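Each remark here refers to the structure printed beneath this line.
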Amino acid sequence: MDMLINLLALAFIGFIVWWFWLAKSGDVQMVRDSIDVIVDGGIYSPAIIEVGRGQSIILNFIRRDVSPCAGQVIFAELGISAELPLTESKKIELTLDNEGEFGFTCQMGMYRGKLIVK
Amino acid sequence: MDSNVSKQTIIRLSVGGMSCAGCVAAVEDTLKAVPGVAEANVNFAEHTAEVMGSVTAEVLINAVVAAGYEAAELKGGNEEAEQKEAAELEYYRQLQKQSVVAAVVGAPLFLMGLLGAMPGMSGAGRLFWLVVAALSLFVLVYSGGRFFSGAWKSFKNHNANMDTLIALGTGTAWGYSLLIVLVPTLVPEQARHVYFEAAVIIIALINFGSALEMRARGKTSEAIKRLVGLQPKTARVLRNGQEVDVPIEQVGLDETLRLRPGEKIAVDGVIIEGHTSVNESMLSGEPMPVEKQLGDEVVAGTINKSGTVLFRATRIGKDTALARIIEMVRQAQNSKPAIGRLADRIAALFVPTVLIIAVLTFLAWFNFGPEPRVAYVLVTTMTVLIIACPCALGLATPISIMVGVGKAAEYGVLIRNGEALQRAGQLTTVVLDKTGTVTEGRPTVTKLVAIDGDQEGLLRLAASLEAGSEHPLAEAIVTAAKQRNLDLAKVKNFTAIAGHGVQGEVNGQQLLLGNQKFMVDQQIDFSAFLDQAQSLAAQAQTPMFVAADGRCLGIVAVADPIKVDSRAAIERLQRAGLKVVMLTGDNRATAEAVARQVGVDEVMAEVLPGEKADKVAELQGRGEVVAMVGDGINDAPALARADVGFAIGTGTDVAIESADVTLMRGSLHGVVDAVEVSKATLRNIKQNLFGAFVYNSLGIPVAAGLLFPFTGLLLNPVIAGAAMAMSSVTVVSNANRLRWFKPQDKH
């Protein structure tokens, strides 16, 4: 029994490593012109957004989460940030000319999302 | 939901430059041609356009401007802030309520536990515990439901956050306790302890901590609230010959507004009738009122002092200087300097790491812990989950940046981003441009030396030649001629040689006007005036030689008064341990005379405009971290080259793109204020980061029971909950101390 519990615990560690760090989220959204990003329950949905290089897009952030942590979205590598009001949507216009991955987070880096430019 | 289609929104624009009904059709067609526009209506009488569609105001404005008209969005500046405040207040109250409900259920249970009055697990005791299980489940759902739903949503997204830790910690405690109540025989008798009260009190404490944190956070954005509060809600507009008070969001471009003494200015504009003085201190930090007359600009948010004037609206809505300042401060407040990146990287890995530590704690106590091991395993694992606080770490940098950038704005110092704020605290050398930075930038003619004694004749020639030049020294000469009512002759073939002088043909004579270098290059003999030129330069005046047809006619000397507080500000910079260098295109003798008066450490004179950036690079090559302070337009390359570029603004001119820091006031004290705010903010960030690292790196091992083998002590999960709730409150409160920042030995 003890052995089984030990093995289960070790397997759980393996699961944590795989689920949070190694596994890729399947929820990747392609965007052509504009997309709604819902901010609710501690996450951005969709959190992973794919966009073509040089393409102009509008990210339309809709905040439903009352927590003050959700009040800002920051694209640190792009030097863009925006306040997200609770009652209305906030549009962020972007044209990304370089391929790569650009994260966006809340002020504390707990809400996390990323733009993949291909 | 189809997430690729954004919602239809209505955007209202004020459109300027429409002179006839034909323009209405042109603007309407332009708007309708914008992709995403479903409907566009232009109202000629109001000079407004209403557009419906999935499109942004910026795109519409660009289209209207490209069609040859002006446009700006009609939108209330205060609405967003008011909505945010109302939503935050509601959330604060909700947190308080949730905290109180949890405390009402948890506190009696906690007290019973302390007094040893808990019933057993048999008979009526069991029934009691089943009721407690139901009550605590209600609390977990009502007061802690968002932790569980947040944790689940994050989990599905391959993410983990603070909700994950709280939900796992309290959920495990509740689940284990229920198991004990339902099947007590599963664990040895001495391990049959329930933790309903711990789960509930932890939820109460965390909600209470979040409410306190929200309150403290509200104070961190005081600077923005103060700026937003400067915007009046109504304006007095002249329409159809009548003065009417209208909401600020209805004021259109080109409308005429009436401004009476004591009133706040509603939008940016240009005075078209009357004169007055305006208090601009709320934006620029400059305490003296500024005189305004016909043609002068007035800016929204400043206060009219004495006169009644009419002005024409030139910038409205989010285009006003005030709105741009607010936007710039907001952007800067949300940006992160390099110092915060490590914490960010750690925060991203933090929660899964804590989960792993919790499992390792479980394994350690399970395999090596004393009996009853199940109880020890549960308490330590739960405590590890509860005590870990990624929030303190994540908040450490941004919350201090928010207060620091806001504080700087109060002193008229606009810092572009967190990176600039961090670098401003690491400077070793400050390079000051002379004209307009150390000096007023308004030179006047101080001396005329003519070979034939005809001073007015000399001035007339010099002014005629300079009439076409935009150089500040040229302006001084032309102004002096106008003051003496001299008639100026026409100049032909005018050429300006940067850093040297100007030449041209006046009354058939080939005229030259410039510095000594220019005369040498042009092989003009100026030896008769050399002594006088040197003596003028030694008195901080700039001598310029005038020559006609190869013969030196005399000297026009110009001096630019030194700003009254330049010396004091330079002394403050030096006391702050900074080396102060003055950079100028002026001749060495004049530059050194100015340098002596203001007390700089080093002078770089006779530097051509294009060489300024090289001089900055030269200092950087010596290992110095260099700030360049200049006017933002002529000095743009040097500002960009410097580690921190400071643009000295005039009044409320904030559109200085090349600068990391914009000083809205003309005084050099702003540079020292920026350096001091930066140092204070960096110190604050370091304290926060240190506190958050120490808290987590001590708290987690103690919670895991590292002290148990030596002291026999274990951390109570309720204490861990209190510590975790207070850790982020402490970080926010420490950042709030920056609100009391005052520049040292201030002027």
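Just so it is clear: chains get the letters A, B, ... in the order the sequence lines come, proteins before strands, and each one is counted from 1. Only a predicted model underlies this, so the values are computations on that prediction, with no experimental measurement involved.
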In plain terms, say whether K318(B) and E327(B) are close enough for a salt bridge, that is, a side-chain N and a carboxylate O under 4.0 Å apart.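 Salt bridge: no.
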Hey, does V228(B) have a side-chain heavy atom less than 4.5 Å from the side chain of I326(B)?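 Heavy-atom side-chain distance check passes, below 4.5 Å.
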I49(A) versus F104(A): any side-chain heavy-atom pair under 4.5 Å?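 Side-chain contact under 4.5 Å: yes.
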Does either side chain, that of S400(B) or that of N688(B), offer a donor lying less than 3.5 Å from an acceptor on the other one?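 The answer is yes; a qualifying pair exists.
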Heavy-atom proximity to chain A below 4.5 Å, by part of [X]:
| X | value |
| --- | --- |
| F155(B) | both |
| T353(B) | both |
| N159(B) | both |
| L95(B) | neither |

Over 60° means perpendicular and under 30° means parallel, so classify the ring planes of F15(A) and W18(A), tilted if in between.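 Because their plane-to-plane angle lies in the 30° to 60° range, the rings of W18(A) and F15(A) count as tilted.
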Specify whether H158(B) and W19(A) have parallel, tilted or perpendicular ring planes, treating 30° as the upper limit for parallel and 60° as the lower limit for perpendicular.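 Taking W19(A) first and then H158(B), their aromatic rings lie parallel (interplane angle under 30°).
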Tell me, side chain or backbone of [X] under 4.5 Å from chain B's heavy atoms, or both, or neither?
| X | result |
| --- | --- |
| D40(A) | both |
| I57(A) | neither |
| F12(A) | side chain |
| A76(A) | neither |

Looking at chain A, which one of N161(B), V59(B), L393(B), V359(B) has the largest number of heavy-atom pairs inside 4.5 Å, strictly under?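 Going by pairs under 4.5 Å, I would pick V359(B).
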Please report the C-alpha distance between R146(B) and Q98(B) in whole Å, then the side-chain angles of each, then the deciding distance to 0.1 Å, and finally whether the side-chain hydrogen bond (donor to acceptor under 3.5 Å, both in side chains) criterion is met. CA-CA 11 Å; R146(B) 70 173 193 285; Q98(B) 287 172 337; 3.2 Å; yes
Please rank I80(A), D2(A), I74(A), I13(A) by heavy-atom pairs under 4.5 Å with chain B and give me the top one.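 Option with the top pair count is D2(A).
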Sort out for me which of A9(A), G71(A), S81(A) touches chain B most, counting heavy-atom pairs under 4.5 Å.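 Most heavy-atom pairs under 4.5 Å with chain B: S81(A).
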Given F75(A) and F102(A), is the ring pair (Phe, Tyr, Trp, His ring centres under 6.0 Å) satisfied, shown in steps? CA-CA 7 Å; F75(A) 294 75; F102(A) 305 93; 9.3 Å; no
